[in-house]
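Here the structure is a predicted model, which means the values were calculated and not measured. For ligands, and for the atoms within them, numbers begin at 1 and follow the listed sequence.
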Amino acid sequence: GKPLPLSGRHVLITAGPTHEPIDPVRYIANRSSGKQGFAIAAAAAEAGARVTLVSGPVNLPTPAGVDRVDVESALEMAAAVDAALPADAAIMVAAVADWRVARSADQKLKKTGQGVPPLELTENPDILAGLAKGLRRPRLVVGFAAETQDVIRYARDKRVRKGADWIVANDVSGDVMGGDSNTIHIVTGDDVISLPEMPKEDVARVLIERIADAFPR
Ligand code: C5P
C-alpha cells in the first residue's frame, strides 16, 4: 500500500501536568488532564510516525504504537525530552509548572505549632524554548498556548519569544481543561488557521495532517 504520511519520522510529544515536590508526600500541580497531548500522540502514531510521548502524571491509557516515558516534575520532563532527541518534529502540549519549590524537603514537613513552612519558589526551565533554541532542534517545533483572552495576539508573541515554528492557541475561556473538546487557532509565521470547536481527537488529526504536510514526501 501507499506509505503513511509520517512514516520514517520521529515525533516527540509532551503532555499532561507536572508535579513539583514540596516534600515526599506533597506537591504543586495543575488541572491539565493530558487528553489533548495523548490524542495528538495517537494521531501521530496512526499517521505512521515513531512517537515518543513524555507524560506528566495523568490517568490515561498509552495510545497504540506510542513509546511512553512517564515523568513527574518539570526537571524530569526536560531531561526526558533531551534523552528522546533527535526528533523530526516536537509538539509540546504539556502544562509545565512555571515554578518549583526551591529546596524540597527530604522528609515529610511536620506541623510544629510555630507557624507555617516558608515555600520559596524558583523558576522551571522552559522546555519548549530550550528545545527550539537548542543545538538539536527538531525541524518543526510546535508549542501550545492556553489563553482566556486575546488568544491569537498572545500566541504570536509566544511564537517569536520561544522560537517555535507554530503555536497552537487554545481558547480556554470555556471548560477545556479536562474537557473533551477544544477550540484552536494554529498560528504559523505566515497565517492563522482557526478551527471550530471540535473533539480533542479531531483537533489532533487536523494538527497531525498539517504537520505531515510540512514534511516532504
Ligand atoms: O509560557 P507558556 O507556559 O504559556 O507556554 C506554553 C507552551 O510552552 C506549551 O507548549 C508548553 O508545553 C511549553 N512550556 C514548556 N516548558 C515550560 C513552560 C511551558 O515546554 N516551563
Contact between [X] and ligand 1, counting heavy atoms under 4.0 Å?
X      : answer
Glu147 : no
Pro125 : yes
Lys162 : yes

Distance to 0.1 Å, residue and atom name: give those for the protein heavy atom nearest to [atom].
atom                    : value
atom 10 (O) of ligand 1 : Met92 O, 2.6 Å
atom 4 (O) of ligand 1  : Lys158 NZ, 2.4 Å
atom 13 (C) of ligand 1 : Leu128 CB, 3.8 Å
atom 6 (C) of ligand 1  : Phe144 O, 3.0 Å

Give yes if a backbone or side-chain nitrogen or oxygen of [X] is under 3.5 Å from a nitrogen or oxygen of ligand 1, and no if not.
X      : value
Ile127 : yes
Val96  : no
Ala97  : no

Donor-acceptor contacts, no H, no angles, side chain residues 64-75, under 3.5 Å, sequence neighbours left out:
{"residue": "Arg68", "atom": "NE", "partner": "Asp70", "partner atom": "OD1", "Å": "2.9"}
{"residue": "Arg68", "atom": "NH1", "partner": "Leu60", "partner atom": "O", "Å": "2.9"}
{"residue": "Arg68", "atom": "NH1", "partner": "Thr62", "partner atom": "OG1", "Å": "3.0"}
{"residue": "Arg68", "atom": "NH2", "partner": "Asp70", "partner atom": "OD1", "Å": "3.3"}
{"residue": "Ser73", "atom": "OG", "partner": "Glu76", "partner atom": "N", "Å": "3.2"}

Electrostatic pair [X]:[Y] at N-O distance under 4.0 angstrom:
X      : Y      : result
Asp165 : Arg137 : yes
Lys200 : Asp180 : no
Arg26  : Asp23  : yes

Subject >> Contact partition for Ala145 relative to ligand 1, non-hydrogen atoms under 4.0 Å >> reply: neither
**OP:** Check the pair Glu20 / Thr18 against side chain to side chain donor-acceptor pair (under 3.5 Å), numbers first and verdict last.
**Re:** CA-CA 6 Å; Glu20 306 300 328; Thr18 63; 2.8 Å; yes
Original post:
How would you list, by chain and number, every residue that makes a salt bridge (charged side-chain N to carboxylate O under 4.0 Å, His left out) with Glu147, sequence neighbours excluded?
Top reply: Lys158
Subject >> Worked verdict on Asp171 versus Ser173 for side chain to side chain donor-acceptor pair (under 3.5 Å) >> reply: CA-CA 6 Å; Asp171 189 336; Ser173 49; 2.6 Å; yes
Subject >> For Gly143, atoms of ligand 1 separated by under 4.0 Å from a heavy atom >> reply: 10 (O)
Subject >> ligand 1 atoms in contact with Ala94 (distance to a heavy atom under 4.0 Å) >> reply: 11 (C), 12 (O)
**OP:** Would you tell me whether Asp98 and Asn124 have side-chain atoms, one donor and one acceptor, within less than 3.5 Å of each other?
**Re:** no
Original post:
Same cluster or not: are Ile91 and Val96 linked, directly or through other Ile, Leu, Val, Met, Phe, Trp or Tyr residues, by side-chain heavy atoms under 4.5 angstrom apart?
Top reply: no
